[in-house]
There are 2 protein chains.
Amino acid sequence: MAGQAIVDKAMANSIERRSGVSLWRQIADQILHSIASGDFTENAALPAEMALAERYGVNRHTVRSAIAALVQEGVLRAEQGRGTFVLSRKRLSYPIGARTRFSAGLQGQASERRSVLLASAIEPASRRVAEGLRLAKGANVIRLEMRGEADGQPVSRATAWFEARRFAGIEAAMAETGSITASLERFSVSDYLRQSTVLSARHADAADLADLDLQPGAIVLVTVAVNVTPDGQPIQFAETRFPAERVELKLSAL
Amino acid sequence: MAGQAIVDKAMANSIERRSGVSLWRQIADQILHSIASGDFTENAALPAEMALAERYGVNRHTVRSAIAALVQEGVLRAEQGRGTFVLSRKRLSYPIGARTRFSAGLQGQASERRSVLLASAIEPASRRVAEGLRLAKGANVIRLEMRGEADGQPVSRATAWFEARRFAGIEAAMAETGSITASLERFSVSDYLRQSTVLSARHADAADLADLDLQPGAIVLVTVAVNVTPDGQPIQFAETRFPAERVELKLSAL
DNA sequence: TATAGTTGTCTATATCAATAGACAAATTTT
DNA sequence: AAAATTTGTCTATTGATATAGACAACTATA
């Protein structure tokens, strides 16, 4: 039968040449993924450079480039004569469900967490935003740009749109309270639900790199969500970007 | 107060040099993302090569490399003297919820869909699998490797583990029926729920590239899920990889 | 202390990635 | 028909990426 087969190439970790992604970055990504998957515990020693080079079928210097990048990112620590060690950086497990708010549910994973308002603007709604909020195309909306942080490290980057007429001044409330939930309460919105969430992934763009403090080539998880009042009226349209190397999304409370 | 600011650099699409990811691949990724975001409708003309080169601040030949890659992938069609056109390839929107099964919910998006068993094996459970299925570490489990297809194009790649004793022979049932749900029914499992789903993203590895027919450098969305019977007994532990350029995940029925 | 194993640094070479300019070939517009 | 626009092809040059080998510096261990 079909049984017993499968080459089982040690987790099938391999590497592609002339792909547009350099070998050292592919190797760095795989090491990051191994750490996040729990293959290495905190302070564990990585295999020696020669061993890694043989495993990936590349030159030792190529492995060194990958390690250098991860040392630069603060993921690894190399010590001459001893080895290269994992500084551990477990990924935050970010809960997503019908009532997900930022910060709620991250207890115990990070000691300090907050949301910072980066900028705001009033603009006509794009087609996508207008459809999400069920507004006429071109109606004015307020856009908020925010960054979520845990223990001083950026873990999310969100752009949120609200109907300008109904939520005039929400940017001031957000700047003051640092909380979407608290800001919405000032507009008589005591409860809201996540109506829909669409998830995708892509390479980080320049703005992501800057705001999330990422290295070029990093991957971001993207959620596009519509929040509604309990009676189904849309109040917020939001796109949030999470750095894939630091965050995983846990779909809970289904 | 904070209002009116924001540079608004036209969706902040920009590009990073010496990042380990070549400029042509970054540009190709952004074009793909633009198409998936609906910036271009089917058969729409892309801006001319010179215009794109100016927009990204690169040489025309670099843009040509990006376009060549996308033509190779079947996303674009270039015609001398006329322009470069989008062949459109809308992303499938793949529903995920408490009762998500493959194929369910894709009605109307693809006319033909199926799940193919690639291989199977019996092996001792890794720590991760044992914890998910609540088995003793090292207990035997059956591993199934599957590929999901829609209209002949691969849209997912799953590895699923089942307790070997309880589900002995499930690989034969799977090969025969092509359905997890149908196979489980032979073992008296008439209903099951998704207990938890954890979501992450990474670059595709060699096995992903081969099984999902992707170009090197592509991104995959990864879900790790545990399915349980209605009374909470774990029956299936699964890791599924989706090509981010072809699939988005819609979190529904929350 | 000697030895083996590890990371760090150096030189050299080949290939890929990106820039630059010129012109051909095809299409659309004037 | 002519001009303008667009993609296709060619040559040449520079910098980043990857390979190769040798040896230094440091650490742990026999």
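Computed from heavy atoms alone, side chains included, the values below leave out hydrogens, waters and symmetry copies. Labels below follow one simple rule: chain letters A, B, ... track the order of the sequence lines, proteins then strands, and each chain is numbered from 1.
Not counting sequence neighbours, A:R17 has no partner by the salt bridge (charged side-chain N to carboxylate O under 4.0 Å, His left out) test.
To the nearest angstrom, C1' of D:dT17 lies 12 Å from CD of A:Q26. The CG atom of B:L52 sits 13 Å away from the C1' atom of D:dT7 (whole-angstrom rounding). Between the CG atom of B:L23 and the C1' atom of D:dT17 there is a distance of 13 Å, rounded to whole Å. Nucleotide D:dT6 holds its C1' atom 15 Å from the CD atom of B:E54, rounded to whole Å. Rounded to a whole Å, the CG atom of A:L76 is 16 Å from the P atom of C:dT6. If you measure from atom OH of A:Y56 to atom P of D:dA18, you get 14 Å, rounded to the nearest angstrom. Distance, A:M50 CE to C:dT6 P: 10 Å, rounded to whole Å. B:E49 has its CD atom 5 Å from the C1' atom of D:dT7, to the nearest Å.
Residue contacts for A:T84: at a heavy-atom cut-off of 4.0 Å it reaches the sugar-phosphate backbone alone, with no base atom in range.
Among D:dA18, C:dA20, C:dT7, the nucleotide with an atom closest to any side-chain atom of B:N59 is C:dA20. Nearest nucleotide to the side chain of B:R64, out of C:dT7, D:dA22, D:dT9: D:dT9.
No side-chain donor from either of B:W161 and B:E239 sits under 3.5 Å from a side-chain acceptor of the other. When only modelled atom types and interatomic distance are considered, B:R241 and B:T159 share a side-chain donor-acceptor pair under 3.5 Å.
Salt-bridge check for B:E248 with B:K250: failed, with every basic side-chain N at 4.0 Å or more from each acidic carboxylate O. Taking 4.0 Å as the cut-off between side-chain N and carboxylate O, B:R157 and B:D213 do not count as a salt-bridged pair.
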So which protein nitrogen or oxygen atoms get under 3.5 Å of nucleotides 28-30 of chain D's nitrogens or oxygens?
{"unit_1": "D:dA28", "atom_1": "OP1", "unit_2": "A:R82", "atom_2": "NH1", "d": "2.9"}

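At a cut-off of 3.5 angstrom, counting only N and O atoms as typed in the model, there is a donor on one side and an acceptor on the other between the side-chain of B:R60 and the base of D:dG8. For B:H61 and C:dG21, a side-chain-to-base donor-acceptor distance below 3.5 Å is present, hydrogens and geometry of angles not being considered.
Counting heavy-atom neighbours within 6.0 Å of B:E79 CD, excluding the residue itself, gives a total above 12.
Along DNA chain D, the nucleotide nearest to A:Q80 and the one nearest to A:V21 differ in position, and the one closer to the 5' end is contacted by A:V21.
For B:T62, a side-chain nitrogen or oxygen approaches OP1 or OP2 of C:dT19 to under 4.0 Å.
Annotation: side chain of B:R246 is in contact with side chain of B:P154 (closest heavy-atom distance under 4.5 Å).
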